[in-house]
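The analysis underlying the following values was restricted to heavy atoms, covering all of them including side chains, and did not include hydrogens, waters or symmetry mates.
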Amino acid sequence: MTRLRRTSSLVLLVLCLGGATLVGACADNPVGRPCFIGADAGTTNQNVIASPALECSSRTCLHLSTQSSTQDDLCTASCSSDEDCDKVDESPCTGGFVCAIAVETGPFCCKKFCQCRDYLVIPDGGLPDPSNCDSNNVINECCNLTGRRGNPDYPQCH
């Protein structure tokens, strides 16, 4: 009986330590690793989010539409603040990341994602949310806005 109890205790300890490691690893929000959306992303004049992107921990890759021809597609993740964006060592982004809305249409509309500051012009006071992401404006059709999912006034959001 004592041997069974010791074995059970050891298994429980390993599970607890393993769980703590997994929880710790999940607490990070690694962004900035190079990823590849595809050749077409570079020809569009808009930001593009692709998922699943297997090379990214979050499975999400972002292409920002900029004037620069050196724009890289970078792994991104959803965020609530700039502090949520943990830059990986191999990231070509030198200026760090900002948490902002990346796209205004599609399944990721009006959601905030980590974006490389190197490719953005950030005004004093930070990046404003686009007017298309104002949930008080009833003509905005993004289902990610507050009060849209399950609301009969927005049948596309069911």
Check: Is the SG-SG separation for the cysteine pair Cys143 and Cys157 below 2.5 Å?
Finding: yes
Notebook entry, point to check: Taking 4.0 angstrom as the limit, do Glu90 and Arg33 come out as a salt bridge?
Noted result: yes
Note to self: With side chain to side chain contact (heavy atoms under 4.5 Å, CB included) as the criterion, how do Glu55 and Phe36 come out once you've worked through the C-alpha distance, each side chain's angles and the decisive distance to 0.1 Å?
What the structure shows: CA-CA 8 Å; Glu55 62 269 44; Phe36 182 70; 4.2 Å; yes
Margin query: State whether cysteine residues Cys35 and Cys56 meet the disulfide criterion of an SG-SG distance below 2.5 Å.
Written below: no
Check: Got a donor-acceptor contact below 3.5 angstrom from the Gln115 side chain to the Leu64 backbone?
Finding: no
Check: With a 4.5 Å heavy-atom cut-off, do Tyr119 and Leu74 have their side chains touching?
Finding: yes
Notebook entry, point to check: Say you draw a straight line from CG of Leu54 to SG of Cys75; how long is it, rounded to the nearest 0.5 Å?
Noted result: 10.0 Å
Check: In Å, rounded to the nearest 0.5 Å, how long is the span from NZ of Lys111 to CD1 of Ile49?
Finding: 9.0 Å
Next item on the list: Establish whether Ile101 and Phe113 are linked, either directly or via other cluster members, by ILVMFWY side-chain heavy-atom contacts under 4.5 Å.
Entry: no
Note to self: Can a side-chain donor-acceptor contact be found between Asn144 and Arg149 if the only test is distance below 3.5 angstrom?
What the structure shows: yes
Check: Backbone N or O of Thr94 within a donor-acceptor pair of the Asp118 side chain at under 3.5 Å?
Finding: yes
Next item on the list: Indicate the atoms forming the closest heavy-atom contact of Phe108 with Ser51, along with that distance.
Entry: CZ-CB, 3.7 Å
Give the table of side-chain donor-acceptor pairs shorter than 3.5 Å for residues 128-139, with sequence neighbours excluded, one pair per line with atom names and distance.
| unit_1 | atom_1 | unit_2 | atom_2 | d |
| --- | --- | --- | --- | --- |
| Asn132 | ND2 | Glu104 | OE1 | 2.6 |
| Asp134 | OD1 | Asn136 | N | 2.9 |
| Asn137 | OD1 | Ile139 | N | 3.2 |

Notebook entry, point to check: Quick one: are Gln46 and Val103 in side-chain contact, heavy atoms under 4.5 Å?
Noted result: no
Next item on the list: Grab the two heavy atoms, one from Pro92 and one from Gly32, that are nearest each other, plus how far apart they are.
Entry: CD-O, 3.5 Å
Check: Got a sec, which residues hit salt bridge (Lys or Arg N to Asp or Glu O under 4.0 Å) with Arg117, two or more places apart in sequence or on another chain?
Finding: Asp82
Checklist line | disulfide bond (SG atoms under 2.5 Å apart) between Cys99 and Cys114, intermediate numbers included | finding: CA-CA 5 Å; Cys99 180; Cys114 299; 5.8 Å; no
Check: Is any side-chain heavy atom of Arg148 less than 4.5 Å from a side-chain heavy atom of Asn140?
Finding: yes
Check: Less than 2.5 Å separating the SG atoms of Cys93 and Cys116?
Finding: yes
Item checked: Minimum heavy-atom distance Pro123-Leu127, with the two atoms named -> CD-CD2, 3.9 Å
Note to self: Give me the atom names and distance for the closest heavy-atom approach of Pro152 to Pro155.
What the structure shows: O-CD, 3.8 Å
Check: What do you reckon, Cys109 and Cys142 SGs under 2.5 Å?
Finding: yes
Margin query: Between Asp86 and Val31, is there a side-chain heavy-atom distance shorter than 4.5 Å?
Written below: no
Next item on the list: Carefully, step by step, assess Ser58 and Asn29 under the rule side-chain hydrogen bond (donor to acceptor under 3.5 Å, both in side chains).
Entry: CA-CA 8 Å; Ser58 67; Asn29 206 13; over 6 Å; no
Notebook entry, point to check: Taking all atoms of both residues into account, what is the closest heavy-atom pair of Cys61 and Thr76, and its distance?
Noted result: C-CG2, 4.3 Å
Check: Same cluster for Leu62 and Val88 if Ile/Leu/Val/Met/Phe/Trp/Tyr side chains link at under 4.5 Å?
Finding: no
Check: What are the two closest heavy atoms between His63 and Asp73, and how far apart are they?
Finding: ND1-OD1, 2.7 Å
